[in-house]
Amino acid sequence: PGTWTWVDFPDTTCDDGSPTGIAVRPGDGAGVAVFLNGGGLCWDAQTCLVLRTSTSGPYGAAQFAQMAPAFAGTLLDPSAPDNPFRGWSFVFVPYCTGDGHTGDRRQMYDPGANAMPQAFDHTGGRNLDVFFSRIASTWPAPPQFALVGPSAGGLGALVNYAHVREYWRAGTGLLWSDGFPLL
């Protein structure tokens with residue numbers, strides 16, 4: 001309990017086709033919080049390949065290890081005294097697909113300027129399905145759960161809450177969509 005562990009999922013993909021995974025920190029309480037990381041959105045060659053308006057892959061254990069020190073004092077920090085999820089188990093879902101954790105397809109984008117078309121995996125929704133089959137087998141019926149996300153993660157939390165509820169039908173659920181700009 002209290003230690004983050006990275007878990008690879010070879011059957012998931014970031015936008016660049018590389019596999020990703022999740023980080024898990026078991027707690028000593030009964031609740032489970034799933035944090036969908038944010039990082040912008042993209043939807044065409046200009047936003048995905050030229051302007052790069054979203055966080056791109058790869059995202060694995062090394063990228064998580066670089067990010068984890070920034071968790072101090074946030075809701076991802078179990079020692080933060082005002083953390084509403086103190087003692088809960090936590091799952092960190094990285095963001096590297098440009099689709100707000102909602103996509104399920106590979107898109108070919110042509111950036112122009114004599115560049116070759118490039119494949120881009122908008123597979124955040126598919127990744128969540130793969131992750132949740134494992135998360136729900138680890139915590140099959142938490143009495144409390146939260147689906148939390150900032151920015152593009154907030155979009156993912158909002159869009160995927162009903163689907164997550166299918167995995168965890170019992171118990172009290174909380175949706176925390178923080179900073180999604182259209183809301």
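Bear in mind the structure is a predicted one, so any value in this text is a computation, not a measurement.
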Revision key, fill the gap. The residue among V34, T12, T20 that forms side chain to side chain contact (heavy atoms under 4.5 Å, CB included) with V93 is V34
Practice item. Give the minimum heavy-atom separation between G98 and S54, together with the two atoms involved. Key: CA-OG, 3.4 Å
Exercise for review: Ignoring hydrogens and angles, tell me if any N or O in the side chain of S89 forms a donor-acceptor pair with the backbone of G27 under 3.5 Å.
Suggested key: yes
Exercise for review: Only counting residues at least two apart or in another chain, list the ones meeting ring pair (Phe, Tyr, Trp, His ring centres under 6.0 Å) with F92.
Suggested key: F35, F64, F71
Check your understanding: Judged by atom type as modelled, is there a donor-acceptor pair below 3.5 Å linking the side chain of S151 to the main-chain atoms of G38?
Key -> no
Check your understanding: Judged by modelled atom types alone, do T102 and D99 share a side-chain donor-acceptor pair under 3.5 Å?
Key -> no
Check your understanding: For H122, what residues pass the ring pair (Phe, Tyr, Trp, His ring centres under 6.0 Å) criterion, not counting sequence neighbours?
Key -> Y109, F120
Check your understanding: Do W168 and V24 belong to the same hydrophobic cluster, where Ile, Leu, Val, Met, Phe, Trp and Tyr are linked whenever their side-chain heavy atoms lie under 4.5 Å apart, directly or via other members?
Key -> yes
Exercise for review: Without swapping roles, check the side chain of Q63 against the backbone of G60 for a donor-acceptor pair under 3.5 Å.
Suggested key: yes
Review point. Short question: side chain of D110, backbone of G112 - any donor-acceptor pair under 3.5 Å?
Key: yes
**Study point:** Any donor-acceptor pair under 3.5 Å from D15 side chain to G57 backbone
**Key:** yes
**Study point:** Of all pairs that satisfy disulfide (SG to SG under 2.5 Å), the ones with a partner from residues 23-57, not counting sequence neighbours
**Key:** C42-C48
Revision key, fill the gap. For Y167, the ring pair (Phe, Tyr, Trp, His ring centres under 6.0 Å) test, sequence neighbours excluded, returns F132, H163
Check your understanding: With hydrophobic residues grouped by side-chain heavy-atom distances under 4.5 Å, do F131 and F90 end up in a single group?
Key -> no
Study note, to complete from the structure: Sequence neighbours excluded, the answer for side chain to side chain donor-acceptor pair (under 3.5 Å) partners of R126 is D104
Check your understanding: R25 side chain to L76 main-chain N or O, any donor-acceptor pair under 3.5 Å?
Key -> yes
Practice item. Indicate yes or no for a side-chain donor-acceptor contact from Y59 to the backbone of G21 under 3.5 Å, with no hydrogens or angles considered. Key: no
Review point. Could you give all pairs that pass the disulfide (SG to SG under 2.5 Å) test and reach residues 54-141, with sequence neighbours left out?
Key: C14-C96
Check your understanding: Counting heavy atoms not belonging to R134, are there more than 12 under 6.0 Å from its CZ?
Key -> no
Exercise for review: Evaluate the side chain to side chain contact (heavy atoms under 4.5 Å, CB included) criterion for residues N37 and M67: first the C-alpha distance (whole Å), next the side-chain angles of each, then the deciding distance (0.1 Å), finally the verdict.
Suggested key: CA-CA 11 Å; N37 201 27; M67 180 180 251; 3.4 Å; yes
Exercise for review: State whether a side-chain donor-acceptor pair under 3.5 Å links T123 with T97.
Suggested key: no
Practice item. Under the side chain to side chain donor-acceptor pair (under 3.5 Å) rule, what do T47 and D44 come out as? Steps first, then yes or no, please. Key: CA-CA 6 Å; T47 57; D44 60 13; 2.8 Å; yes
Practice item. Mind listing the closest non-hydrogen atom pair of L41 and T53 along with its distance? Key: O-OG1, 2.5 Å
**Study point:** Cluster check L36, W88: I/L/V/M/F/W/Y, side chain < 4.5 angstrom
**Key:** no
Review point. If you group Ile, Leu, Val, Met, Phe, Trp and Tyr by side-chain heavy-atom gaps below 4.5 Å, do W6 and L128 land in one group?
Key: no
Check your understanding: Under 3.5 Å, is there a donor-acceptor pair between the side chain of N83 and the main chain of D77?
Key -> yes
